[in-house]
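Notes follow the structure.
The figures that follow rest on heavy atoms only: side chains count, while hydrogens, waters and symmetry mates do not.
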Amino acid sequence: MAPTYRLQVLTVEGELYSTDDAEFTLLPGADGELGVLDRHVPLVVTLRPGPLTVTHGRGEEEILFVAGGFADISRDPEGNTVVAVLADAGERAADVDEAAAEEMRRRAQEMLAQKLSDEDYAEAAALLERSIGRIRVAEISRRRRPARSERGMRG
């Protein structure tokens with residue numbers, strides 16, 4: 001089993017997720033996805049809206065949606081890796097309302113088709129990016145859910 005580390009995901013509403021046995025975390029970095037293993041170099045990275053995937057030491061995966069923010073990869077006083085995600089907002093994949101996210105995407109696309117001020121255009125573009133991220137998380141979760149139930153039925 002690979003070494004594990006502490007991961008905490010915080011939003012303005014409070015703690016969304018926390019574990020002491022993260023083996024691998026895939027973050028939606030603003031410049032592309034960033035994978036984190038134990039002993040990663042300390043780093044602060046800007047996040048874009050999208051899926052945050054956590055692989056546990058037990059081989060289980062959990063998927064969260066984060067709506068942008070920052071991730072701080074550091075070490076505690078004992079030298080252990082600690083990842084703190086400070087997200088603008090977030091939710092667990094199972095809690096994503098795909099229909100509402102699709103409606104939000106549709107509204108954002110309609111807004112972007114209109115003549116907008118720079119500020120309104122930026123807001124509509126951010127809404128579109130966030131809704132697409134939520135839809136992606138819901139799709140990933142939906143695809144993985146049947147595989148888990150089939151494994152449970154075989155065993």
If Ile, Leu, Val, Met, Phe, Trp and Tyr residues are connected whenever their side-chain heavy atoms lie under 4.5 Å apart, and connections chain through other members, are [X] and [Y] in the same group?
| X | Y | answer |
| --- | --- | --- |
| L43 | L26 | no |
| M104 | V96 | no |
| F70 | L64 | no |

Side-chain donor or acceptor of R130 paired with backbone N/O of A101 under 3.5 Å: no
Identify the two heavy atoms, one from [X] and one from [Y], that lie closest to each other, and give their separation to 0.1 Å.
| X | Y | result |
| --- | --- | --- |
| G50 | V137 | C-CG2, 4.1 Å |
| A89 | T11 | C-CG2, 3.8 Å |
| P28 | V66 | CG-CG2, 3.7 Å |
| A22 | V54 | CB-CG1, 4.1 Å |

To the nearest 0.5 Å, how far apart are [atom1] in [X] and [atom2] in [Y]?
| X | Y | atom1 | atom2 | result |
| --- | --- | --- | --- | --- |
| I140 | I135 | CD1 | CD1 | 12.0 Å |
| L10 | L16 | CG | CG | 8.5 Å |
| E23 | T4 | CD | OG1 | 7.5 Å |
| I63 | R92 | CD1 | CZ | 12.0 Å |
| T53 | F24 | OG1 | CZ | 8.5 Å |
| D120 | L112 | CG | CG | 10.5 Å |

Within the 4.5 Å heavy-atom criterion, are [X] and [Y] side-chain neighbours or not?
| X | Y | answer |
| --- | --- | --- |
| L34 | I73 | yes |
| V36 | Y5 | yes |
| R134 | E91 | yes |
| R75 | T81 | yes |
| R105 | L128 | yes |

- prompt: Does A126 have any side chain to side chain contact (heavy atoms under 4.5 Å, CB included) partners at least two apart in sequence or in another chain, and if so, which?
  reply: none
task: Would you please name every residue forming a side chain to side chain contact (heavy atoms under 4.5 Å, CB included) with D20, sequence neighbours left out?
output: R6
query: So does E103 pair up with R106, basic N to acidic O under 4.0 Å?
result: yes
- prompt: Among L86, V85, D88, which one satisfies side-chain contact (heavy atoms from CB on, under 4.5 Å) with L47?
  reply: V85
If you count heavy atoms of other groups shown closer than 6.0 angstrom to [atom1] of [X], is the number above 12?
| X | atom1 | value |
| --- | --- | --- |
| E15 | CD | yes |
| Q114 | CD | yes |
| D76 | CG | yes |

task: With sequence neighbours excluded, give me every side-chain hydrogen bond (donor to acceptor under 3.5 Å, both in side chains) pair touching residues 40-49.
output: none
